[in-house]
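Taking it in order: structure first as structure tokens, then the write-up.
For ligands, and for the atoms within them, numbers begin at 1 and follow the listed sequence.
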Amino acid sequence: MPIIYANDIGAYFMSVNNSITVGNVTIPSRVFLAPLSGISDQPFRKTVNKYSTNLTYSEMIASAEIIRCTKQSKRKSTLLGEEGPIAVQLAGTEPYLMGEAAKILEDRGASIIDINFGCPAKSVVKKLSGSALMRDLTLATKIMDSVVKSVSIPVTVKMRMGWDNETLNAPELSILAEEVGIQMITVHGRTRCQFFKDQANWKFIREVKKSVGIPVIANGDIKNCEDAVNCLTESGADGIMIGRASQGRPWLLGHISQFLKNGVIVPLPTMVERKSLAINHFHEMLHHYGIESGIRNSRKHMAWYSRGISGANVFRNIINNTMDPFVVRSAIEKFFQSNERIFRI
Ligand SMILES: Cc1cc2nc3c(=O)[nH]c(=O)nc-3n(C[C@H](O)[C@H](O)[C@H](O)COP(=O)(O)O)c2cc1C
């Protein structure tokens, strides 16, 4: 833990505004949960928000699926009972459909509609969606314009730095975004062609920040309080977004928020706390997906919770080979109980 920052940089950050206002939405923290397909579902968002009220992002949902009202898209856009503002992320390439899908999501209770201009996956890019739209700023602008005009809630955009190192056009796209009424921009500090390689470039995000007057959020490789401070300092961004580092550590966003607000380093949860956290998360998964999918979809989360703790292999072996929710629950209890004496990891 970066204790060195508690007095100096922590104190500096105390003087900074710790909420962000996006249109009619006030977000009480500058630390957001990233959209993560297959991960940032309702159970995970609720688990993250137990530690502080953050802006959380849904998994990316294809506009065509929303229009067709597929079962999966309905599940992905289930928002009832969640605390804190939720941005629902839309992907697609057809301006009219994107606008229509956004209207449906507004009716379902989304606080913000976020447009995906960052997904690098071949299957998405092939359909001229996600980061492919950073190569077609005319179409990207039409999509943003259509979505903004279709809803009364704020519309935001998440993008990468550009397609490749030769076309770092995030500042240009951001200017167009602000002109059509986009109210916040998140930049993942990599190009599409980098996928997840190399270190995220936080300094580049400053170019976007200098280009627009709306809030800019920096994303990529933020794993702890020290990274959060360094990223905010290098990028000049208004807030940060955290993805992979929250896996198995849903408390991370709350802890970083606390640190940015008052310089306090919150102790890591004890094994007793982690046990009840994992059990609650597991129950939420069963409720959200039903028993069979709930058990299957929980496995990765349980594996992340157990990472680095003694007996993790045996624990994973049990939960990966049962379809009985009582066996899973009892394995979670036993695993954390047998590690109760470990103070912190
Ligand atoms: C498994 C996984 C799923 C993702 N799904 C989405 C998504 O649906 N929409 C999106 O904009 N970005 C998605 N991303 C990208 C993340 O939101 C984020 O930009 C990226 O992981 C970098 O942040 P990090 O280093 O904090 O993880 C995904 C990333 C991962 C690893």
Side-chain angles (χ1 to χ4, degrees), residues 30-42 44-45 48 54-63 65-66 72-73 75-77 86-92 98 101 105 110 112-125 127 129-134 140 143 155-162 170 173 177 182 184-192 194-202 204-205 208 216-228 230-232 234-235 237 239-250 252-253 256 297 299-301 303-304:
R30 295 194 290 153
V31 187
F32 302 171
L33 176 67
L36 295 164
S37 292
I39 296 155
S40 67
D41 53 16
Q42 186 175 49
F44 190 61
R45 297 195 300 268
V48 165
N54 304 90
L55 174 66
T56 58
Y57 282 63
S58 76
E59 305 170 78
M60 159 178 93
I61 317 176
S63 52
E65 282 194 42
I66 295 280
Q72 215 188 33
S73 77
R75 190 184 302 121
K76 282 184 186 169
S77 57
I86 309 156
V88 180
Q89 195 188 57
L90 265 181
M98 288 285 280
L105 294 173
I112 289 173
I113 302 291
D114 186 65
I115 304 176
N116 183 323
F117 287 159
C119 182
K122 285 203 178 88
S123 56
V124 173
V125 167
K127 293 182 204 148
S129 181
S131 57
L133 287 158
M134 295 200 75
I143 290 172
V155 181
T156 62
V157 166
K158 180 166 177 277
M159 62 180 76
R160 287 192 171 224
M161 296 193 296
L173 177 56
I182 294 294
M184 182 168 69
I185 286 163
T186 302
V187 185
H188 175 187
R190 287 188 174 86
T191 64
R192 183 272 172 184
Q194 280 179 296
F195 286 87
F196 285 88
K197 285 196 303 273
D198 311 318
Q199 184 69 27
N201 184 345
W202 298 330
F204 176 85
I205 298 169
V208 175
V216 173
I217 306 302
N219 168 241
D221 297 341
I222 301 163
K223 297 179 284 299
N224 51 43
C225 296
E226 187 176 11
D227 289 342
N230 289 338
C231 176
L232 284 166
E234 285 183 26
S235 65
I240 52 172
M241 174 184 276
I242 297 185
R244 292 164 294 173
S246 66
Q247 294 169 177
R249 298 193 294 163
L252 183 66
L253 279 80
I256 294 180
N297 287 322
R299 286 176 181 157
K300 54 182 177 276
H301 292 284
W304 287 324

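Between Met241 and ligand 1, not a single N/O pair is under 3.5 Å apart. Residue Glu59 has no nitrogen or oxygen atom sitting less than 3.5 Å from a nitrogen or oxygen atom of ligand 1, judged on distance alone. For ligand 1, the polar-atom distance check finds no N/O of Arg190 at less than 3.5 Å from any of the ligand's N/O atoms.
Close contacts of ligand 1 with Phe196, meaning ligand atoms under 4.0 Å from a residue heavy atom, involve 20 (C), 21 (O), 29 (C). Less than 4.0 angstrom separates some heavy atom of Arg244 from each of these atoms of ligand 1: 21 (O), 24 (P), 25 (O), 26 (O), 27 (O), 31 (C). In summary, the atoms of ligand 1 found under 4.0 Å from a heavy atom of Asp221, numbered by their order in the structure, are 24 (P), 25 (O), 26 (O). Each of the atoms 17 (O) of ligand 1 lies under 4.0 Å from some heavy atom of Ala34. Within ligand 1, the atoms closer than 4.0 Å to a non-hydrogen atom of Met60 are 7 (C), 8 (O), 9 (N), numbered from 1 in the order shown.
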Applying side-chain contact (heavy atoms from CB on, under 4.5 Å), run through Ile115 and Met159 and close with a yes or a no.
-> CA-CA 9 Å; Ile115 304 176; Met159 62 180 76; over 6 Å; no
Carefully, step by step, assess Asp41 and Arg75 under the rule salt bridge (charged side-chain N to carboxylate O under 4.0 Å, His left out).
-> CA-CA 9 Å; Asp41 53 16; Arg75 190 184 302 121; over 6 Å; no
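Annotation for Ile222 and Ile242: closest pair O-CG2, 3.8 Å, computed over non-hydrogen atoms. Here the closest non-hydrogen pair linking Val124 and Gly130 is CG1-N, 3.8 Å. When all heavy atoms are compared, the tightest approach of Lys76 to Met60 is NZ-O, 3.8 Å. Scanning all heavy atoms of the two residues, the minimum distance from Arg45 to Ser40 falls at NH1-O, 2.9 Å. Across all their heavy atoms, Asn219 and Ile205 have their closest contact at N-CD1, 4.1 Å. Shown here for Pro120 and Ser131, the closest heavy-atom pair between the two residues is CA-OG, 3.6 Å.
Between the Arg190 side chain and the Gly220 main chain, no donor and acceptor come within less than 3.5 Å of each other.
The nearest protein atom to atom 5 (N) of ligand 1, hydrogens excluded, is given as Ser37 N, 2.8 Å; this is a heavy-atom distance. Counting protein heavy atoms only, atom 26 (O) of ligand 1 is closest to Gly243 N, 2.8 Å. At the top of the distance list for atom 1 (C) of ligand 1, counting protein heavy atoms only, stands Ile39 CD1, 3.8 Å. Protein heavy atom closest to atom 9 (N) of ligand 1, with residue, atom name and distance, is Gln89 OE1, 2.7 Å.
Atom-to-atom distance recorded for His188:NE2 and Phe196:CZ is 5.5 Å, nearest 0.5 angstrom. Distance CG/Asn230 to CG/Asp221: 12.5 Å, rounded to 0.5 Å.
The closest approach between a heavy atom of Gly118 and any atom of ligand 1 is not below 4.0 Å.
Proximity of His188 to ligand 1, defined as any heavy-atom pair under 4.0 Å, is confined to the side chain (atoms from C-beta onward). Contacts between Leu36 and ligand 1, counted as non-hydrogen atom pairs separated by less than 4.0 Å, involve both the backbone and the side chain. With a 4.0 Å heavy-atom cut-off, ligand 1 is reached by no atom of Tyr57. With a 4.0 Å heavy-atom cut-off, ligand 1 is reached by the side chain of Asn219 but not by its N, CA, C or O. Only the side chain of Lys158 comes within contact range of ligand 1, with a heavy atom under 4.0 Å; no backbone atom does.
Comparing Gly130, Ser40, Pro35 against atom 6 (C) of ligand 1, the shortest heavy-atom distance belongs to Pro35.
With sequence neighbours left out, Ala101 forms a side-chain contact (heavy atoms from CB on, under 4.5 Å) with Ser63, Ile66, Ile67, Leu90.
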